[in-house]
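Proteins come first, then strands; the chains are lettered A, B, ... in the order of their sequence lines, and each starts at number 1. The structure displayed is predicted, hence computed values, not measured ones.
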Protein chains: 2
Amino acid sequence: MLSKAAEYAIRSMVYIWMMNQQGKRPGYRTIATEVGSPEHFTAKVLQTMTRHNLVKAGKGRGGGFYFEHPEEELAVFEIIKAIDGEKFFSSCAFGFENCNCSNPCPMHDEFKLVRDNFSEMVIKITVQSMAAKIMNGSASLNQNKIVSPSAT
Amino acid sequence: MLSKAAEYAIRSMVYIWMMNQQGKRPGYRTIATEVGSPEHFTAKVLQTMTRHNLVKAGKGRGGGFYFEHPEEELAVFEIIKAIDGEKFFSSCAFGFENCNCSNPCPMHDEFKLVRDNFSEMVIKITVQSMAAKIMNGSASLNQNKIVSPSAT
DNA sequence: AGAATTAAGGACAAATTTATCCACTAAACA
DNA sequence: TGTTTAGTGGATAAATTTGTCCTTAATTCT
């Protein structure tokens with residue numbers, strides 16, 4: 001499971017990208033509200049994003065977050081690495097510090113498959129591909145925003 | 001990534017099973033030393049195991065931990081569930097509380113594959129299958145116990 | 001029964017992650 | 001230049017996970 005920080009980062013980045021498409025640069029308050037994350041913690045997480053140059057931040061009036069090159073695909077992989085480092089992609093289910101083929105834990109081979117599977121997934125999924133799903137209605141950005149047709 | 005508690009639990013259970021095969025019932029002190037986990041925390045983790053009836057504990061002299069039915073395969077799945085609950089098997093990478101096919105997050109389909117992959121893995125891997133690997137030398141129980149042929 | 005041994009359980013402490021607050025800086029605009 | 005707006009960075013707090021300690025209960029052996 002990803003950390004809360006990583007989850008918020010991913011959601012925020014998708015939201016920023018979508019708003020940029022509409023010519024808007026959302027601030028962290030708006031972002032937090034829209035993706036359903038704690039405001040100040042989201043600000044911190046976005047600082048990490050800007051420090052890693054995954055997104056730009058403009059200060060002052062008319063500022064907010066934006067992608068310098070929105071057409072360049074940004075993989076979830078990069079976001080996770082910026083927040084949590086590489087640990088997800090090299091961790092051992094048995095808890096070995098240095099689990100590898102030459103000194104494997106008893107789950108190494110099998111767990112490596114799962115891990116590599118996960119890596120492939122987060123490399124393949126991008127901010128753009130997620131935004132596309134949200135925009136065509138096949139996925140949502142914020143769970144609290146369910147549009148129930150039979151709501152009272 | 002699993003919690004430390006889950007990692008220690010898995011390692012401990014394999015160790016207990018292997019010692020039982022030799023007619024021994026290790027105590028938590030021995031277990032902690034042998035699997036390289038913090039002594040008292042390991043005791044706590046083993047309490048969880050006994051409460052879930054995954055292993056038995058005998059008090060007093062000659063006591064220690066043991067499997068009542070060592071021939072019954074015990075999947076890692078059961079150990080993880082006892083420690084961390086089901087969250088690993090239903091969690092959402094995007095952070096949705098209730099992510100499902102009818103209201104999916106933008107990573108749902110892909111992440112579900114990874115998750116199911118992981119579930120299959122931990123159902124397939126058992127205490128016995130891991131012990132077998134350790135006993136035939138194709139895996140180790142404790143990373144610090146590397147037997148280097150060229151050691152000084 | 002008494003001593004020794006071993007797990008159980010509760011209280012507590014340290015470390016990490018998650019979350020909040022505030023003073024500061026940079027930018028835009030009047 | 002001054003005011004407003006918006007991100008930055010440091011300090012702090014709350015919550016959770018990880019780890020320790022100590023007393024009690026159960027069991028065995030003498």
Side-chain angles (χ1 to χ4, degrees), chain A residues 1-13 15-16 19-20 24-68 80 82-85 87-88 91 95, chain B residues 1-13 15-16 19 24-33 35-68 80 82-85 87-88 91 95:
Chain A
M1 267 180 328
L2 298 181
S3 63
K4 287 289 169 196
E7 289 176 4
Y8 299 154
I10 297 171
R11 301 215 292 259
S12 299
M13 295 293 269
Y15 178 72
I16 295 166
M19 294 314 278
N20 285 181
K24 293 173 189 163
R25 294 183 174 185
Y28 67 81
R29 282 167 231 269
T30 310
I31 296 170
T33 307
E34 292 302 314
V35 308
S37 56
E39 190 175 291
H40 295 99
F41 192 54
T42 304
K44 288 286 179 222
V45 161
L46 287 171
Q47 278 176 36
T48 307
M49 293 292 99
T50 57
R51 269 194 234 106
H52 282 81
N53 262 293
L54 298 183
V55 77
K56 293 283 173 188
K59 282 188 179 179
R61 197 170 286 178
F65 294 89
Y66 63 96
F67 288 86
E68 200 164 23
I80 294 173
I83 298 279
D84 291 322
K87 64 182 178 188
F88 275 105
S91 75
Chain B
M1 267 181 325
L2 297 181
S3 64
K4 287 289 169 195
E7 290 175 3
Y8 299 153
I10 298 170
R11 301 214 293 258
S12 297
M13 295 292 270
Y15 178 72
I16 294 166
M19 294 314 277
K24 292 174 189 163
R25 296 184 172 184
Y28 68 83
R29 282 167 233 269
T30 310
I31 296 169
T33 306
V35 308
S37 57
E39 190 175 290
H40 295 99
F41 192 55
T42 303
K44 291 284 179 222
V45 161
L46 287 170
Q47 279 177 36
T48 307
M49 293 293 99
T50 57
R51 269 193 235 106
H52 281 82
N53 262 293
L54 299 183
V55 76
K56 293 282 174 189
K59 282 188 179 181
R61 197 171 287 179
F65 294 89
Y66 62 97
F67 287 87
E68 199 164 24
I80 295 174
I83 298 278
D84 291 323
K87 62 182 179 187
F88 275 105
S91 74

### Contact under 4.0 Å: A:Thr50 side-chain N or O vs D:dT8 OP1/OP2
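Answer yes for this pair, as a side-chain N or O of A:Thr50 is under 4.0 Å from OP1 or OP2.
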### Task
Evaluate the criterion side-chain contact (heavy atoms from CB on, under 4.5 Å) for residue pair B:Thr48 and B:Leu54; output intermediate values, then yes/no.
CA-CA 9 Å; B:Thr48 307; B:Leu54 299 183; over 6 Å; no
### Task
Could you say whether B:Tyr28 or B:Asp84 is positioned toward the 5' end of DNA chain D, judged by the nucleotide with the nearest heavy atom to each?
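The residue whose closest nucleotide sits nearer the 5' end is B:Asp84.
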### Task
Could you say whether A:Arg51 or A:Gly60 is positioned toward the 5' end of DNA chain D, judged by the nucleotide with the nearest heavy atom to each?
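Here A:Gly60 is the residue nearer the 5' end.
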### Task
Can you see which heavy atom on A:Thr50 is nearest to which on A:Lys56, and at what distance?
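Heavy-atom minimum between the residues: CG2-C, 4.3 Å.
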### Query
Under 4.5 Å between any side-chain heavy atoms of A:Ile80 and A:Phe88, yes or no?
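Contact flag for A:Ile80/A:Phe88 side chains = yes.
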### Task
State, yes or no, whether a side-chain contact exists between B:Met13 and B:Met49 at a heavy-atom distance under 4.5 Å.
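Yes. Closest side-chain heavy atoms under 4.5 Å.
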Would you say the side chain of [X] and the base of [N] hold a donor-acceptor pair, judged only by whether the two atoms sit under 3.5 Å apart?
| X | N | answer |
| --- | --- | --- |
| A:Lys44 | D:dG9 | yes |
| A:Gln47 | D:dG9 | yes |
| A:Lys56 | D:dG7 | no |

Rounding to an integer number of Å, can you tell me how far [X] [atom1] sits from [N] [atom2]?
| X | N | atom1 | atom2 | value |
| --- | --- | --- | --- | --- |
| B:Leu46 | C:dG9 | CG | C1' | 14 Å |
| B:Phe65 | C:dT6 | CZ | P | 12 Å |
| B:His40 | C:dG10 | NE2 | P | 16 Å |
| A:Arg61 | C:dA26 | CZ | C1' | 13 Å |
| B:Tyr8 | D:dT17 | OH | P | 15 Å |
| A:Met1 | D:dT16 | CE | C1' | 12 Å |
| B:Ile83 | D:dG19 | CD1 | P | 13 Å |
| A:Tyr66 | C:dA27 | OH | C1' | 11 Å |

### Message
Taking the minimum atom-to-atom distance to the side chain of A:Pro38, which one of C:dT6, D:dT8, C:dT20 wins?
### Response
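So the side chain of A:Pro38 is nearest to C:dT20.
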### Message
Quick check: on DNA chain C, is the nucleotide nearest A:Ala6 upstream (toward 5') of the one nearest B:Gly58, or the reverse? Name the residue that is more 5'.
### Response
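Mapping each residue to its closest nucleotide by heavy atoms, the 5'-most match is B:Gly58.
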### Message
Nearest heavy atom decides the nucleotide; on that basis, is A:Thr42 or A:Gly62 closer to the 5' end of DNA chain C?
### Response
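Nearest nucleotide further toward 5': that of A:Thr42.
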### Check: A:Phe41 ring centre within less than 6.0 Å of A:Tyr8 ring centre
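Yes, they do, as the ring centres are separated by less than 6.0 Å.
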